[in-house]
Amino acid sequence: MKNVNVLDNCSIKSKLLIIQIFCVLIPMIVTNSIVYITIKNNEVREQKINMAYTIDRVKYNLEAVLNDCVLVSNHLNNDVAFNNFITKKYSNVLEYYEAYNSLLQNNAIDYYYNSQHVYQVTIYTDNDTITDSNNFIVLTPQIKNSDWYKKFCDNNKQMTIAVYYDNDKMDSPYSGTRRTISIIRKMDSSTNGCKNILKIDVDYNVILNEMLNEKMDGNLYIYNKKYILFSNVESNPRLNQFDTINHIKERAVKVKGSFNFKAANEEWDIAVTENAINPLSNIAEWKKILFGLIIFNLLLPTVIITLVSHSIRYRVGLLGVYLGKVENEEFNTIKCKNGKDEIGKLIRDYNLMVLRIKDLIEVVFKKNAEKQRLELGKKQAELKALQSQVNPHFLFNTLESIRMRSLIKGEDETAGIIENLSILLRKTINWGEDYITIEDEILFVENYLKLQKYRFGDKLSFGFCVMESCKIIKIPKLSILAFVENACVHGIEEVAHDASINITVYKDENNLFIEILDTGGGMEQEKLNLIREKLKNAKMDMLENSKSIGVFNTYMRLQMYCNNNMKFEIDSKLKEGTKITIQIYLDKLNQNNDVS
């Protein structure tokens with residue numbers, strides 16, 4: 001039971017993979033391995049039988065070729081006219097050519113070329129009255145130093161077979177191959193002090209072509225104690241020197257035989273080396289069995305497991321996706337064929353849970369909305385009560401009386417300040433619409449800064465740069481003034497040197513930019529980070545608890561006005577000043593301006 005409980009910690013994908021491996025792959029591998037080994041063993045056995053048959057055929061062909069050449073040598077050795085020709089001493093050249101022509105007319109030599117296995121017949125003699133020709137050559141010291149002649153002399157037998165590379169054939173365009181295998185014998189006519197040697201060159205191409213025509217997967221070699229005489233491996237064996245037997249790897253030899261040339265007491269080895277066996281080369285014989293095994297072991301279980309996997313993984317994955325949406329406060333029901341199994345029940349329970357959560361959220365939301373309306377009504381009542389305590393007309397009349405008296409006394413500066421103060425109070429008390437044009441906001445800010453300049457004197461200077469096309473754009477009231485007021489209170493007041501406040505408003509194709517720059521006291525990095533973090537995590541309940549219209553309140557009003565499509569940056573350096581940059585997407589501003 002513990003092993004079963006371990007599976008509970010595995011994913012559905014892992015469980016299905018385990019089923020695939022142990023119920024499909026492993027049985028398929030075992031079954032196919034057995035079939036593969038069986039086919040391979042049969043192929044190896046059949047290949048060895050074919051190799052043995054190949055060696056037998058090669059031995060038979062070699063024996064036929066060499067025996068045919070031996071038969072030709074026996075006929076020439078026993079030909080009376082031929083022997084009389086090579087043993088006779090000629091008195092002059094004319095007598096020799098007459099005898100030579102007579103020999104040719106009787107076809108004494110050409111007759112033996114009818115054998116397809118004979119490439120060249122040559123008689124070497126020490127009869128110095130014979131002139132060199134195509135078939136008769138006088139023995140010279142150079143010939144006696146050749147490899148084949150030395151081997152013939154060292155063998156000291158009636159007949160010898162010699163294997164050598166004949167460089168003299170290089171200049172002959174009809175030589176066919178420089179590789180030469182010759183049957184050499186001492187003729188019985190070697191009497192009267194004459195030494196006559198018959199050399200019959202075997203047609204190398206005949207044996208080579210028979211080997212190349214052997215259809216087999218392995219490599220076939222015929223070799224003596226030193227050289228590889230024939231092979232079906234070389235690309236161009238006719239023009240190359242004989243390879244040594246070192247090219248044959250003993251461990252690769254699968255079947256080996258020998259050919260004994262009794263006439264010359266010569267033994268050659270025949271070997272077949274095996275190439276990589278492809279057991280599937282004869283797979284056609286097993287295709288019905290293998291096809292049935294594949295269907296049984298692979299396709300059928302795979303199809304069934306795939307269908308089951310799709311049924312489970314699709315709905316579980318879908319359920320996981322919608323549960324992830326719940327984490328993001330998206331409560332959507334799953335619309336699919338649930339099925340009647342356990343997963344279908346889970347989907348139905350999930351849909352029921354989502355519907356109940358929606359009902360609960362709606363009830364709680366309604367209660368919170370009602371609570372917020374009550375609190376808003378309470379604050380509005382308090383605001384109206386505060387406004388009722390102050391008689392605006394009395395206040396404005398009093399300020400106007402003070403201004404007129406100042407003008408009578410010639411105090412123009414004081415009169416101007418009182419006039420600006422009166423304008424500010426009138427706009428503040430008579431709030432009206434919440435949104436005003438940037439042009440009106442800048443005029444409002446200018447009046448405020450004039451009051452501050454009366455306070456700070458030459459210490460404060462200010463300037464405005466507003467793009468003409470930006471003046472008609474509407475923004476929340478006092479949105480620029482709040483940042484200017486903050487610059488005066490926390491920036492200009494804290495420095496003894498002269499300082500300035502500059503306001504720049506411009507736009508491009510997509511955005512409106514408002515920049516407020518002061519050269520006041522600035523702030524430390526720690527305080528700047530604290531303000532940035534507070535703005536980053538701003539929420540509406542924090543705005544409700546605020547007691548004044550400051551930077552934070554204005555930031556929240558702008559975000560609400562722009563539907564959270566505003567970028568706000570604040571940069572400051574201690575004793576250097578502060579810069580605030582507001583970037584608002586024009587599309588959102590245009591929507592609000594159209595509504596207002």
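These figures come from a predicted structure and were not determined experimentally.
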Using the test side-chain contact (heavy atoms from CB on, under 4.5 Å), find all partners of I34 that sit at least two apart in sequence or belong to another chain.
V30, T38
Distance check, rounded to the nearest 0.5 Å: N486 atom CG versus T578 atom OG1?
8.0 Å
If the plane angle is over 60° it's perpendicular, under 30° parallel, otherwise tilted; pick one for Y555 and F568.
perpendicular
Separation of L517 CG from D571 CG (nearest 0.5 Å):
10.5 Å
Report the C-alpha distance between I501 and Q452 in whole Å, list the side-chain angles of each, state the deciding distance to 0.1 Å, and finish with yes or no for side chain to side chain contact (heavy atoms under 4.5 Å, CB included).
CA-CA 11 Å; I501 297 176; Q452 292 296 333; over 6 Å; no
Chi angles and distances behind the side chain to side chain contact (heavy atoms under 4.5 Å, CB included) call for L478, T554
CA-CA 8 Å; L478 303 181; T554 307; over 6 Å; no
Side chain to side chain, C465 and N502, heavy atoms closer than 4.5 Å:
no
With sequence neighbours excluded, what pairs up with E493 under the side chain to side chain donor-acceptor pair (under 3.5 Å) test?
R455
How long is the gap from CD1 on I475 to SG on C562, to the nearest 0.5 Å?
9.5 Å
T437: partners by side chain to side chain donor-acceptor pair (under 3.5 Å), with sequence neighbours left out:
D440
Would you sort out whether I436 and F444 count as a side chain to side chain contact (heavy atoms under 4.5 Å, CB included), showing the intermediate values?
CA-CA 11 Å; I436 62 174; F444 196 59; 5.6 Å; no
E441 side-chain N/O to L481 backbone N/O, donor-acceptor pair under 3.5 Å
yes
Please examine the side chains of M467 and F513, heavy atoms only from C-beta on, and report whether any two atoms are closer than 4.5 Å.
no
More than 12 foreign heavy atoms under 6.0 Å from CG of D458: is that the case here?
no
Heavy-atom side-chain contact between C488 and L449 under 4.5 Å
yes
Any donor and acceptor pair, going by atom type alone, linking the side chain of N232 with main-chain N or O of L220 inside 3.5 Å?
yes
pair L512-L586: side-chain heavy atoms closer than 4.5 Å:
yes
Which value, rounded to the nearest 0.5 Å, describes the distance between N447 atom CG and K450 atom NZ?
6.0 Å
If you compare all heavy atoms of V505 against all heavy atoms of C470, which two are closest, and at what distance to 0.1 Å?
CG1-CB, 3.9 Å
Using only atom types and a distance under 3.5 Å, with no angle test, would you say the side chain of T504 pairs donor to acceptor with the backbone of E515?
no
Heavy atoms, side chains only, cut-off 4.5 Å: are F483 and I582 in contact?
yes
Atom CG of L530 and atom CD of E524: how far apart are they, to the nearest 0.5 Å?
12.0 Å
Inspect the surroundings of CZ in R532 and state if more than 12 heavy atoms from other residues, nucleotides or ligands are less than 6.0 Å away.
yes
Given F464 and V445, is the side chain to side chain contact (heavy atoms under 4.5 Å, CB included) satisfied, shown in steps?
CA-CA 10 Å; F464 303 94; V445 172; 4.0 Å; yes
If you look at every heavy atom in S572 and G522, which pair is closest and at what distance?
OG-CA, 3.4 Å
In this structure, CD1 of I492 is separated from NZ of K459 (nearest 0.5 Å) by 7.0 Å
Give a yes or no answer on whether the side chain of T519 reaches the backbone of S500 with a donor-acceptor pair at less than 3.5 Å.
yes
Determine whether the side chains of E533 and N529 contain a donor N or O and an acceptor N or O closer than 3.5 Å.
no
Looking only at heavy atoms, the pair that brings H247 and D243 closest together is ND1-CB, 3.8 Å
Do you know the tightest heavy-atom contact between Y435 and P476?
CD2-CA, 3.7 Å
Closest non-hydrogen atom pair between Y585 and K567, with its separation:
OH-CE, 3.5 Å
K453 atom NZ, over 12 foreign heavy atoms within 6.0 Å:
yes
